[in-house]
Engineer: 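The structure follows.
In this text the structure is predicted, and so the values were computed from the model without any measurement. Index from 1, following the sequence.
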Amino acid sequence: MTRLFRHCLVAAGLLLVTACGSPPPVAPPPVAPAPADPELVFWESVRDSKDVAEYYAYLQAYPAGRFSALARIRIDALTPKPAPKAATPAPPRAKPPTPKVQALPPSHQQGEPTITEAPAPPVNWAKIDDLSGRANPLLRSQIMDCWTPPPLPTGAGSYRAEVGIYFDPATGQVRGAAFLGGNREMTDATFARFVNSALAAPMDPACRSLDLRQAGIGQGTATTGLVLLFALDSPP
């Protein structure tokens, strides 16, 4: 039988070593896990949500994040749309009575024809105010040109939305927009369309290319944003 143990001699003296052979391999130290991406963790927590407020919270934290476009698509998909009204068949028209032909007065008694203009239909009243104290009237006018507010039903009242606009301090160009608050709930379909129109205004290509530094914003400071109040009133 082959012997499994033998004696080994070392330079310092006699040392009895049992089970002589190669030493067992040393396990490498565990590798520390990579730090979690906070934006990815935030998005993973809301990606399957049915609450638009959670997507607005993501946009407020990351207005120009990797998933900002997808968050806006989810908001639009979850925003209730008004149900189309069923078409009501028109009642049969009654035959109009035959008008009586009246003789015209003599030519010297006929006056000039009169043109009557129909009154103009009521329109919405829209305005953009500055809440941050950094947007001059010219800048607000330029953003107003990019805003297409939705029509409001007569007597619906006033709608107000505070929108934060963020821009790159190096280029001055708009980088993102976020809804900060308003006077109604997002469950109101008309108010949700109003908020989405306000968010879309600064992201319009004509306004997104504006250099906000020309308006005196962010010069010599770390300021990279401003807050505007979008106001829309329905016709009386």
Engineer: Could you tell me the separation between the CG atom of D188 and the OG1 atom of T79, rounded to the nearest 0.5 Å?
Structural biologist: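 It comes to 11.0 Å.
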
Engineer: Return the CZ to CD distance between F179 and E162, rounded to the nearest 0.5 Å.
Structural biologist: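 The CD atom of E162 is 8.5 Å from CZ of F179, to the nearest 0.5 Å.
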
Engineer: To the nearest 0.5 angstrom, please state how far the CZ atom of R175 sits from the CZ atom of F167.
Structural biologist: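 It is 9.5 Å, given to the nearest 0.5 Å.
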
Engineer: Do you know the tightest heavy-atom contact between L152 and P235?
Structural biologist: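 Minimum heavy-atom contact is O-CD, 3.9 Å.
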
Engineer: Please determine whether residues W147 and Y159 belong to a single hydrophobic cluster, defined as Ile, Leu, Val, Met, Phe, Trp and Tyr linked transitively by side-chain heavy-atom distances below 4.5 Å.
Structural biologist: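 Yes; tracing contacts between hydrophobic side chains, which count when under 4.5 Å, links both residues.
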
Engineer: Do I143 and Y166 belong to the same hydrophobic cluster, where Ile, Leu, Val, Met, Phe, Trp and Tyr are linked whenever their side-chain heavy atoms lie under 4.5 Å apart, directly or via other members?
Structural biologist: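 Result: no, two separate clusters.
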
Engineer: Can you get from M144 to I165 by hopping between Ile, Leu, Val, Met, Phe, Trp and Tyr side chains that sit under 4.5 Å apart?
Structural biologist: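 Yes; tracing contacts between hydrophobic side chains, which count when under 4.5 Å, links both residues.
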
Engineer: Does L40 form a side-chain contact (heavy atoms from CB on, under 4.5 Å) with F67? I'd like the steps, not just the answer.
Structural biologist: CA-CA 9 Å; L40 180 60; F67 309 102; 3.9 Å; yes

Engineer: Could you tell me which non-hydrogen atom of V174 sits nearest to which non-hydrogen atom of C207, and how far apart they are?
Structural biologist: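 Nearest heavy atoms, V174 then C207: CG2-O, 3.6 Å.
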
Engineer: Check whether D130 reaches the backbone of A135 with its side chain - one donor and one acceptor, N or O, closer than 3.5 Å.
Structural biologist: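 Between the backbone of A135 and the side chain of D130 there is a qualifying donor-acceptor contact (under 3.5 Å).
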
Engineer: List the steps, then state whether side-chain contact (heavy atoms from CB on, under 4.5 Å) holds for M186 with F191.
Structural biologist: CA-CA 6 Å; M186 289 299 292; F191 181 70; 3.9 Å; yes

Engineer: At their closest point, which heavy atom of S209 faces which heavy atom of P205, and how far apart are they?
Structural biologist: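 Here S209 and P205 meet closest at OG-O, 3.1 Å.
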
Engineer: Is there a chain of hydrophobic side chains (I, L, V, M, F, W, Y, each step under 4.5 Å between heavy atoms) that links Y62 to M203?
Structural biologist: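 Y62 and M203: one cluster.
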
Engineer: At their closest point, which heavy atom of F194 faces which heavy atom of S197, and how far apart are they?
Structural biologist: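 Smallest interatomic distance, heavy atoms only, reads O-OG, 2.6 Å.
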
Engineer: Mind running side-chain contact (heavy atoms from CB on, under 4.5 Å) on L199 and Y56 for me, showing each step along the way?
Structural biologist: CA-CA 11 Å; L199 291 172; Y56 278 119; 3.8 Å; yes

Engineer: Quick one: CG on L139 to CG on L228, what's the gap to the nearest 0.5 Å?
Structural biologist: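 L139 atom CG to L228 atom CG measures 7.0 Å (nearest 0.5 Å).
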
Engineer: Would you call D233 and R160 a salt bridge, using N to O less than 4.0 angstrom?
Structural biologist: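 Counted as a salt bridge, because a side-chain N and a carboxylate O are separated by less than 4.0 Å.
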
Engineer: Compare every heavy atom of D204 with every heavy atom of C146, then report the nearest pair and how far apart it is.
Structural biologist: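 Looks like CB-CB, 3.9 Å.
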
Engineer: Provide the closest heavy-atom pair for R66 versus E39 in the form atom of the first, atom of the second, distance.
Structural biologist: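 That closest heavy-atom pairing would be N-OE2, 2.8 Å.
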
Engineer: If only atom types and distance count, is the side chain of D76 paired as donor or acceptor with the main-chain N or O of R72 below 3.5 Å?
Structural biologist: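 No, because the side chain of D76 does not come within donor-acceptor range (under 3.5 Å) of the backbone of R72.
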
Engineer: What's the verdict on side-chain contact (heavy atoms from CB on, under 4.5 Å) for L78 and E54, showing C-alpha distance, side-chain angles and the deciding distance?
Structural biologist: CA-CA 12 Å; L78 293 173; E54 296 189 5; over 6 Å; no

Engineer: Tell me if a side-chain donor or acceptor on R184 pairs with a main-chain N or O of S158 at a distance below 3.5 Å.
Structural biologist: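 It does hold such a pair.
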
Engineer: Short question: side chain of S68, backbone of L59 - any donor-acceptor pair under 3.5 Å?
Structural biologist: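 Between the backbone of L59 and the side chain of S68 there is no qualifying donor-acceptor contact (under 3.5 Å).
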
Engineer: Linking I/L/V/M/F/W/Y whenever any side-chain heavy atoms sit under 4.5 Å apart, do V227 and I128 land together?
Structural biologist: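 V227 does not cluster with I128.
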
